[in-house]
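Below is one structure, written out as structure tokens, with a few remarks after it.
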Amino acid sequence: MQGLNPEQQAAVTHLGSPLLVLAGAGSGKTRVITQKIAWMIRKGVHSADQIAAITFTNKAAREMRERASQLLTKEEAKGLTVSTFHTLGLNIIKREAKRLGYKNNFSILDAQDSAAILKELAHKEDVEEAENLRWIISRWKNDFISVEQATLQANTTDEKLAAILYEKYQRQIKAYNAVDFDDLIVLPVRLFEQHPDALQFWQNKLRYLLIDEYQDTNACQYRFIRLLSGIRGALTAVGDDDQSIYAWRGARPENIAQLQKDYPMLKVVKLEQNYRSTARILQSANKLIGNNPHLFEKNLWSTLGEGDPIRIMPCRNPEHEAEKVVSEILKARFRDRAAFKDFAILYRGNHQSRLFEKLLRENNITYKISGGTSFFERAEVKDILAYLRLIANPDDDAAFLRIINTPKREIGTSTLEKLGEYAHERHTSLFNAAQELGFAQRISAKATQRIETFCFWLHELIRAADSADPTKIVQQVITDIGYDDWMKNTCNTPKQAEARMKNVWEIVDWVRKLHDDGAGKETLSDIIAHMSLVDMLERNSEEKEQDAVSLMTLHGAKGLEFPSVFLIGMEEELLPHANSVDEHSIQEERRLAYVGITRAQKNLTISYAKTRSRYGEASIVEPSRFLDELPPEHLEWEDKKVITPEQRQETARAYVSNLQALLGD
DNA sequence: CAATAAGGTATTTTT
DNA sequence: TACCTTATTG
């Protein structure tokens, strides 16, 4: 409890009714959550195994677990649940898989898998565009709308089509004995609603819930929380409506208001003291977000001093913008001996990073770029995981299709089409169908031979997986399929092949690590399930320590902070984005800008280009309307700044002496 | 089956 | 403009 301000203390010690903590940016929300966990355990209110802290990201979960365990002895922290919604959901489903109609070796389909399945199904229905249908279906699932309800309420042609596909999709993946990411929340809710004893079991086990980033919960997650916390409402929800930037993905910031309706006893605590930024940055952020309607008024303040004004950097074009930002970083490096890791370049869309990457490379500035394809989206990782998934769950047709001809086994599309037909007729999985005599009769002797070899091999592995160490199984898969050679043959450069194989061996390491961890991760199936939900951030911790400039989208920057932030591309059509200018969306765009501004601790530079080529055509663009919403007295326009000869000389002096010092090091 | 050409399409994406 | 996906062809 040391070092907590009065509001934080109130949040930590409040019990007896549900608590909503409105935690402004940089107000110490993680601190409140971890301290509250520790406090409850120390006071004997609940033991660690009765408390669950729920986050959205693995990263947040990791950080929270670390910080909570620092406050407690190992013994006290034993059994504490700190996990993402999805991991908690998985654990609940695992325990009750049978009742939900799944075998306990069920697979988890990632976003790409479900997209591929849906696309295939859409194709059969003679539908070309499956992408928006996927959105509709996912939104339904996030809203806990069943197939039946969706079918009834579908109005537009798109919705009616989506409802048909929704039904087919669910039937399909059920046949695969697979669930998708959305199901990891949907199924526990369904379980709780249909089986009171299951609900009671979990309510009894998890007596107190702490929810992080509460504004990002969707309707289904809200239902989940409400069921689990029960009428007791033993929960603390921590969130910030001003940082709700995922509405487009189904998040319901209005869940904050809903909490008050559902729990009249709700206690609300506001955290307004910011421990991150200087006053001018905060006042600017406050002014900007003040243009959004608010349920609860909030005014961030800090004692970190007034600080420097926010620099506004108008640029001729994007190239000019990148040059200026990079030269500013270099200048600060030499003049103030700043570390590269103190800088972040934030943008609205991923494509904006390209120019900056190029320039940073040219200037030998180390940088790290987050976003883009994650470890799990890499083809080589997906391949190996598909093999493992198939071994654990031979009904997983998605996995079967992915790897049946990777590496090439000379099993072509026509063979697979016939296999698909046959499996459909016999109502069985592809792998099962492949082994049936009836199928063998339909294809050539050569094809039969190839299929047989594959099935025989896989059977051996399935058998081995029963008893052998999972790590061994993975290694065997990789060597048996000759993945190394396949990589060498299919990659453009040997270097690329090497990099990919490195990823492959990381999977092995990781399986070993999860297996050694124990705790319900004994079987291959358990391990794979966890693997598809956990990220790989910790895999190269040395990379994390690197002194590198951070490049990321505004979405990716939430929760982070940097001494110096460059918010680039502050233009109409970009931020706010051209597709998000209606009454409602513009508010989320404003929150996005707010998130960007509040990442900065000391220095904030906002840049925009006056011309930008859009889709190949050069066009003049307008500065963002959000610039007009910032307090002019805290802004310093680069193009209007007058530098005196004395200042210039001073800068040069500092520059030279630091350069000498750097070279001397 | 692989290489090539043409075409279509460009926000954000915690799991 | 630059990318990725799809269709075609040998």
Side-chain angles (χ1 to χ4, degrees), chain A residues 54-63 83-90 108-116 119 123 128-131 134-135 138-139 141-142 179-186 212-213 215-218 220-221 243-251 318 346-355 370-377 405-406 408-415 489-490 492 529-537 552-560 569 573-581 585 588-589 591-593 595-596 612-619:
Chain A
I54 308 175
T55 66
F56 277 85
T57 66
N58 289 301
K59 198 172 148 202
R62 195 157 47 234
E63 190 189 340
S83 78
T84 63
F85 270 102
H86 291 83
T87 303
L88 182 57
L90 170 68
I108 299 170
L109 304 170
D110 68 22
Q112 286 179 22
D113 294 321
S114 10
K119 203 172 155 188
H123 215 71
E128 282 296 315
E129 242 298 284
E131 197 56 24
R134 206 179 103 212
W135 276 93
S138 183
R139 212 176 52 221
K141 294 181 91 165
N142 286 158
V179 301
D180 66 15
F181 280 149
D182 295 335
D183 287 331
L184 291 173
I185 315 295
V186 172
D212 186 29
E213 302 282 12
Q215 76 284 351
D216 289 341
T217 51
N218 61 37
C220 199
Q221 284 158 335
Q243 292 185 72
S244 161
I245 53 176
Y246 284 105
W248 54 275
R249 245 183 130 253
L346 310 180
Y347 36 81
R348 175 70 231 257
N350 279 310
H351 64 277
Q352 287 173 267
S353 70
R354 278 199 215 119
L355 268 177
S370 37
T373 44
S374 83
F375 185 77
F376 286 100
E377 285 160 358
N405 218 18
T406 307
K408 291 277 169 292
R409 263 179 273 268
E410 295 180 296
I411 297 167
T413 37
S414 73
T415 307
N489 285 329
T490 49
N492 296 320
H530 275 273
M531 283 179 88
S532 40
L533 289 187
V534 170
D535 65 20
M536 285 290 279
L537 265 184
M552 63 186 85
T553 62
L554 288 163
H555 286 89
K558 195 168 81 163
L560 303 177
E573 314 259 282
L574 252 182
L575 184 64
H577 192 272
N579 302 346
S580 307
V581 283
S585 316
E588 184 148 309
E589 296 294 304
R591 290 193 290 266
L592 217 38
V595 166
R612 192 176 288 268
S613 55
R614 301 178 2 122
Y615 315 140
E617 246 171 298
S619 57

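Just so we're on the same page: letters track the sequence lines, and every chain starts at 1.
Considering OG1 of A:T217 and CG of A:N142, their distance stands at 11.0 Å, rounded to 0.5 Å. To the nearest 0.5 angstrom, A:D216 atom CG is 3.5 Å from A:K558 atom NZ. Distance check: A:F56 CZ to A:E213 CD gives 7.5 Å after rounding to the nearest 0.5 Å.
Looking only at distances, a side-chain donor or acceptor of A:S619 sits under 3.5 Å from a matching main-chain atom of A:R612.
Distance A:Q112 CD to C:dT5 P: 10 Å, rounded to the nearest Å. Rounded to an integer number of Å, the gap from A:E588 CD to B:dT11 P is 16 Å. Atom NZ of A:K59 is separated from atom C1' of B:dT15 by 15 Å (rounded to the nearest Å). What separates CD1 of A:I411 from P of B:dC1 is a distance of 9 Å, to the nearest Å. If you measure from atom CZ of A:R139 to atom P of B:dT12, you get 19 Å, rounded to the nearest angstrom. In this entry the distance linking CZ of A:R591 with C1' of B:dT12 reads 13 Å, nearest Å. In this structure, A:E131 places its CD atom 12 Å from P of B:dT9, rounding to the nearest Å. Rounding to whole angstrom units, NE2 of residue A:H351 and P of C:dC4 are separated by 15 Å.
Within 4.0 Å (heavy atoms only), A:D110 reaches no atom of the nucleic acid at all. At the heavy-atom level, A:T55 lies nowhere under 4.0 Å from the strands shown. When heavy atoms are screened at a 4.0 angstrom cut-off, A:K558 is found touching no nucleic acid atom at all. Counting any heavy atom pair closer than 4.0 Å across all strands shown, A:N405 reaches sugar-phosphate atoms only and no base atom.
Relative to the side chain of A:H555, the nucleotides B:dT12, B:dC1, B:dT15 differ in distance, and B:dT12 lies closest. Comparing B:dT11, B:dT15, B:dA2 by their nearest atom to the side chain of A:N58 picks out B:dT15. Of the candidates B:dT13, B:dT15, B:dT11, B:dT13 carries the atom nearest the A:W135 side chain, counting heavy atoms from C-beta on. Considering only the side chain of A:Y246, B:dT13 comes nearest among B:dT15, B:dA2, B:dT13. The side chain of A:Y615 approaches B:dT11 more closely than any other nucleotide in the set B:dT11, C:dT6, B:dT15. For A:H86, the listed nucleotide lying nearest its side chain is B:dT15; candidates were B:dC1, B:dT15, B:dT11. The side chain of A:R354 lies closest to C:dC3 when the candidates are C:dT6, C:dC3, B:dT15.
Phosphate proximity of C:dT5 to A:K119: absent, as no side-chain N or O sits under 4.0 Å from OP1 or OP2. For B:dT13, one of the phosphate oxygens OP1 or OP2 lies less than 4.0 angstrom from a side-chain nitrogen or oxygen of A:T553. For A:N350 and B:dT11, the shortest distance from a side-chain N or O to OP1 or OP2 is not below 4.0 Å.
The pair A:E573-A:R614 meets the salt-bridge criterion, with a side-chain N (NZ, NE, NH1 or NH2) lying under 4.0 Å from an Asp/Glu carboxylate O.
Toward the 5' end of DNA chain B, the nearer of the two residues A:L533 and A:G349, judged by each one's closest nucleotide, is A:G349.
Ring-centre distance between A:W248 and A:H555: below the 6.0 Å cut-off.
Aromatic stacking of A:W248 on B:dT12: satisfied, with centres closer than 5.5 Å and planes within an angle under 30 degrees. The ring of A:H577 lies on top of the base of B:dT11, close enough and flat enough: under 5.5 Å between centres, under 30° between planes.
Heavy atoms of other residues, nucleotides or ligands lying less than 6.0 angstrom from CD of A:Q112 number more than 12.
In a base pair of the Watson-Crick type (N1 to N3 plus N6-O4 or O6-N4) or a G-U wobble (N1-O2 and O6-N3), with each distance short of 3.5 Å, B:dA3 is matched with C:dT8.
Here, C:dA2 and B:dT13 have their C1' atoms 22 Å apart, quoted to the whole Å. Nucleotides C:dT6 and B:dT11, compared at atom C1', are 24 Å apart to the nearest Å.
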